[in-house]
Amino acid sequence: MDGAPKGGERATLGTPIGAMLAELNDRQRQAVLHEGGPLLIVAGAGTGKTATLAHRVAYKIATGADPGRILLLTFTRRAAGEMLRRVDGILRRLETETRRPVPGAAVGASADKRLSDAPATDRAASGKVWGGTFHATATRLLRLHGRTIGLDPSFTILDRGDAEDLMGVLRTELGLSKNDRRFPLKGTCMDIYSRCVNARETVEETVENHFPWCRGEIEDLRRLFSAYVDHKGEQSVLDYDDLLLFWHGLLTDSRAARSVHARFDLVLVDEYQDTNRLQAEILQMLCPGGVNLTAVGDDAQAIYSFRAATVRNILDFPQQLPDTTVVTLERNYRSTQPILDATNEVMAGASERHAKDLWTERREGDKPRLTPCEDENEQTEFIIRTVLDHREAGLALRRQAVLFRASHHSLALELELARRNIPFRKYGGLRFVETAHVKDLMAFLRLAENPRDLMAGTRVLMLLPGVGPKKARALMDRLGAAPARFAAWSDCPAPSAASAEAWNGLVSLMADIASRDPGDLASQIKRIRLFYTPLLQRLYDNARARVMDLEQLEWLAARFPDRARFLAEIALDPPAYTEDLAGPPLLDEDFLILSTMHSAKGLEWDVVFVIHAADGNIPSDMATGRLEEIEEERRLFYVALTRAKDWLYVCYPVRYYSRPRSFSDAHGYAQLTRFVSDRALRLFDLQPASATLGSNGPSAPTPGDTAGQGDGVTTEDIRRRLKDLF
DNA sequence: CTACCGGAACTTTTT
DNA sequence: GTTCCGGTAG
């Protein structure tokens, strides 16, 4: 299948670039070398998608493209980092193989110069390529160009929790909470709102299709959403959806659009199957006609429709952009044939399927193993035992991963790993930054950065004894009236007798860290921490552990250039709760990976365990309403299974002592997930956990290892258009 | 207006 | 077990 590069290529074998291209198969090479019109790479699981994308970027740079004019949109910052690391690796290899300029290697003088003269640091693509999520990229662009559409570039970002809280405040303010009928909770309101924005649907459409039980509340939802939009505008805060919406807005303003277009020669989008309509529109405006646009994805791995992603984006791409070249990657480099056979069979059960024939040359390997366990304890025991066995055989912990549907599914396992001093790192689920004390501390910083940020301000003020929502709101109004100077607070009397001392401390603290010269970020956090610690002790138990978290936050902050960047990055890509903050990683550090199936997207491990693979968990009984939802759960299960390279274990406890739904000691019997059909079952090696645990005896404990100058589009226009949806 | 208590409803995945 | 809401005491 792999032959010499096709004719017409400017790079030839025998040159470093030719050698680089020879590492790829025909289809991959075609994708890397493609020029001009829109390119869609349909890449099945494990078909070298990341390698192809990285080679394409590296090839473009090596043949003269300016890395600073390439935009690489990925699903997470982690994915962007990984991709750029590989680009750097490829470029470095090209460089060392190129002692002198390569005559045959195509390209103009700039590439030769790049490969021979430029200093090494200058060549690191990762520092120059625009890489990151849609949201992070939107933030950067809006800071640079927001003024054109009348957006104050010093906006702060509301994370999901803050946005929900604001929605909650307005919900109460509009009198929607005390109603004879039950008005949807703030989280549900936020879900509805968010879907409207991201799917570009009206409230009616969204409620009808996705929240039919809220049909009676459409009028009130409209009022609520309108108020929500207004409040964000007044406070100069943007939520996640606004970041995309205003980026979209930038591109509808001809002047702003020109500046944004002028920045990029090449746009690449990873995980395209998980983009939503708003994102697709942004891309089409960014690359009119799809010229110089590369999208990569796999419809069989679409797992984010709950976030308004639509698989139609990838399926309709060739119709929407008629010049599209479609390259399909079907050769799997990741998994062994027995694993592929099983995963293909799971996917074969899908009601709507776009056929892809994944094949591999890795014929040999163990059948995936299906392990029913007596109960959760046995499952935990089986996982730990098998992980350690693999490690004995030479596989580091970090090459093994345990995957599950919901974050809390790993709780028992986490406890046991901790008890035995087996290091692990967990991705997905509750984050460090979502804990109350961390949010408190961040609120001080956010308030200093943007004194109009109501949610941040209220949060800070309510820490004081005797201050509740009303007094906090009054003080925030005062701050907003004075041109956002904390001096406005200094002539206020203490809001309550109990808070006299704390009030003075707060006023001077805020004046200090919001001043022109507040000192470096770590020292700001330190001052906040000193002020906040006594309040924390009054409000929460576990004060000692919480204060230590804050010290870690201080340490983490030292890596960020300034407060605004720190706040934005924490909001857009918060560190995982467990280990990201545990100090500088040691080179030989080894840890087992625990991850939600969602967070496992795009990654691979030698050994993969899928736990709690019982009906009710996967598919989650939260998602068994409509066929579409069940099919998405199937794809999610498929994503989990296809992460495995050599060994795949699927486990489920037969007996649950307490089913998720309360009524404490009600126990139940679980059944294997419906996604493993009878046909699929034959492709697994069925072996109860007792077969492993019985034979080896208990394992020994392991040692721990400028405003408004465009052609009239403003934030107001965008908000108005948005409101037309309501 | 805040602080606190009891009953009721809800409980996934994430930028 | 958690968060949310309404009632009541200070």
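Within every chain, numbering begins at 1; the chains are lettered A, B, ... in the order of the sequence lines, protein sequences first and strands thereafter.
Not one side-chain nitrogen or oxygen of A:Arg635 sits closer than 4.0 Å to the OP1 or OP2 atom of B:dT13. At the phosphate of B:dT14, OP1 or OP2 sits under 4.0 Å from a side-chain N or O atom of A:Ser599. Note on A:Lys471: every side-chain N or O is 4.0 Å or more away from OP1 and OP2 of B:dT2.
Contacts between residues 454-468 of chain A and DNA chain B, counted as heavy-atom distances below 4.0 Å, involve A:Pro465, A:Gly466, A:Val467, A:Gly468.
With sequence neighbours excluded, the residues satisfying salt bridge (charged side-chain N to carboxylate O under 4.0 Å, His left out) with A:Arg478 are A:Asp491. Remark: A:His409 engages A:His612 in a ring pair (Phe, Tyr, Trp, His ring centres under 6.0 Å) (not counting sequence neighbours). Here A:His598 pairs with A:Tyr304, A:Phe306 under the ring pair (Phe, Tyr, Trp, His ring centres under 6.0 Å) rule; sequence neighbours left out. For the ring pair (Phe, Tyr, Trp, His ring centres under 6.0 Å) test, residues two or more places apart in sequence or in another chain that qualify with A:Trp503 are A:Trp489. Legend: residues meeting ring pair (Phe, Tyr, Trp, His ring centres under 6.0 Å) with A:Tyr272, ordered by chain and number and at least two apart, are A:Phe317.
In this structure, A:His598 atom NE2 and B:dT13 atom C1' are separated by 4 Å, rounded to whole Å. Separating the CD1 atom of A:Ile157 from the C1' atom of B:dT14 is a distance of 15 Å, rounded to the nearest angstrom. Separating the CD atom of A:Glu434 from the C1' atom of B:dT15 is a distance of 12 Å, rounded to the nearest angstrom. Regarding A:Met190, its CE atom lies at a distance of 18 Å from the C1' atom of B:dT12, rounded to whole Å. In this entry the distance linking NE2 of A:His408 with C1' of B:dT11 reads 8 Å, nearest Å. Remark: C1' of B:dT12 and CG of A:Leu185 are 16 Å apart, rounded to the nearest angstrom. In this structure, A:Arg195 atom CZ and B:dT13 atom P are separated by 17 Å, rounded to whole Å. Atom-to-atom, CG of A:Asp165 to P of C:dT3 comes out at 11 Å; the value is rounded to the nearest Å.
Among the heavy atoms of the strands, none lies under 4.0 Å from A:Phe134. Using a 4.0 Å heavy-atom distance criterion, A:Arg473 is classed as making no nucleic acid contact.
With distances taken from any side-chain atom of A:Met622 to the nucleotides B:dT12, B:dT14, B:dT15, the minimum falls on B:dT12. The side chain of A:Thr76 approaches B:dT15 more closely than any other nucleotide in the set B:dT15, B:dC10, B:dT12. Side chain of A:His135, nearest nucleotide from B:dT15, B:dT14, B:dT11: B:dT15. Between C:dC4, B:dT2, B:dT13, one nucleotide has an atom nearer to the side chain of A:Lys470 than all others, and that is B:dT2.
Of the listed residues (A:Asp242, A:Thr156, A:Ile157), just one forms a side-chain contact (heavy atoms from CB on, under 4.5 Å) with A:Val237, and that residue is A:Thr156.
Using a 4.0 Å cut-off between charged nitrogen and carboxylate oxygen, A:Glu633 and A:Arg405 count as a salt-bridge pair.
Between A:Phe134 and A:Trp247, the angle of the ring planes lies from 30° to 60°, which puts this pair in the tilted group.
In this structure, A:Phe306 counts as stacked on the base of B:dT13 under the 5.5 Å centre distance and 30° plane angle limits.
Not a single donor-acceptor contact under 3.5 angstrom links the side-chain atoms of A:Arg160 to the base of B:dT14.
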